[in-house]
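Taking it in order: structure first as structure tokens, then the write-up.
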Amino acid sequence: MPDTVDARARLRADCARCAGLCCVAPAFAASADFAIDKPAGQACPHLQPDSRCGIHADLRERGFPGCTVFDCFGAGQQTVQVTFGGGGRDWHADPAVFAAFGVQRLLHELLWYLTEALALPAAAPLHPEVAAARDRVERLTAAGAGELAAADPALLQGEAGALLLSVSELARSGVRPRGRDRRNADLVGADLRRRRLRAASLRGAHLIGADLRGADLHLTDLLGADLRAADVRGADLSGALFLTRRQVAGAVGDAATLLPAGLEHPPHWRPR
Ligand code: SF4
């Protein structure tokens, strides 16, 4: 069984080994998350020649909270250092780089979930299948640009998604009583403080602005749940399933919020 904390540390963005790809490749729409419109493949005006952000310390105050939430799961440095072998390229003007980064981003997110699945003792009967899926994805992350371009990430996502669903069912099956299945539910702004959520499925649920203060989310499946502005102050997420840094950073927590090993409280949760 892999050490999840170590494995997750490897799936962390290392901007010093990247080239600001997340500030160039994706499109932004002016919104509460981004102060400007930006087409895909065009560098953000705040990106400096050294590929650092010129407003990094003030992103939220300057209208770019979406940048503090984005997580590439380490896909940026993998694209620059492995797919394209390091230097000697115009990183901000090469569509092949953007395409590879997009695929790597999906693959790295899958690695995050599959790594967690491998660390769940209750899912042990599925571990050989999960390990094989993880190996397949890991091998593809080491491929060159041509192989990545030919890959079908949607197919991989579908296969891994079905497997992760089985893992979730198995991991939660022993909990009695357990919360309801609220997969993909519209829970925007809902007051969930008194709902039984332990071992529930909130996979893909829309929890924007939901009140989860003090909630017990042990073994609650949060894969793909939208937690933007969800209030998780004092909530116990330490045993939540498939939680990501992006979800944590998008939520509103405090010092009393408990997180799984390998995830930290984001800086903007600290009182000012
Ligand atoms: S504001 Fe900074 S972090 Fe956000 S896209 Fe622009 S350069 Fe990147």
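We count ligands from 1, going down the list as the structure has it; atoms in each ligand are counted the same way.
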task: Let me see the working for Arg52 and Asp50 under salt bridge (charged side-chain N to carboxylate O under 4.0 Å, His left out), right down to the final yes or no.
output: CA-CA 5 Å; Arg52 300 290 177 137; Asp50 63 359; 5.1 Å; no
task: Could you tell me whether the side chain of Phe34 reaches within less than 4.5 Å of the side chain of Cys67, counting heavy atoms only?
output: yes
task: Would you indicate whether Arg194, at its atom CZ, is surrounded by more than 12 heavy atoms from other residues, nucleotides or ligands within a distance under 6.0 Å?
output: no
- request: Give the residue, atom name and distance (to 0.1 Å) of the protein heavy atom nearest atom 1 (S) of ligand 1.
  value: Leu59 CD2, 3.6 Å
query: Please state which protein non-hydrogen atom is closest to atom 6 (Fe) of ligand 1 and give its distance, to 0.1 Å?
result: Cys44 SG, 2.3 Å
query: In the protein, what heavy atom is nearest to atom 4 (Fe) of ligand 1, and what distance, to one decimal place, separates them?
result: Cys67 SG, 2.3 Å
query: Is there side-chain contact between Asp216 and Leu197, with at least one heavy-atom pair below 4.5 Å?
result: no
- prompt: Just wondering, do Leu163 and Val130 contact through their side chains at under 4.5 Å, heavy atoms?
  reply: yes
message: Using the rule given for salt bridge (charged side-chain N to carboxylate O under 4.0 Å, His left out), can you reason through Arg270 versus Glu264, listing the C-alpha separation, both sets of side-chain angles and the distance that settles it, and then say yes or no?
response: CA-CA 12 Å; Arg270 293 187 203 119; Glu264 297 102 33; over 6 Å; no
- prompt: Is atom 2 (Fe) of ligand 1 under 2.8 Å from any N, O or S atom of Cys53?
  reply: yes
task: Consider ligand 1: state whether an atom of it lies below 4.0 angstrom from any non-hydrogen atom of Phe28.
output: yes
Numbered atoms and elements of ligand 1 in range of Phe64, under 4.0 angstrom, heavy atoms: 1 (S)
message: Which residue and atom name correspond to the protein heavy atom nearest atom 8 (Fe) of ligand 1, and how close is it?
response: Cys23 SG, 2.3 Å
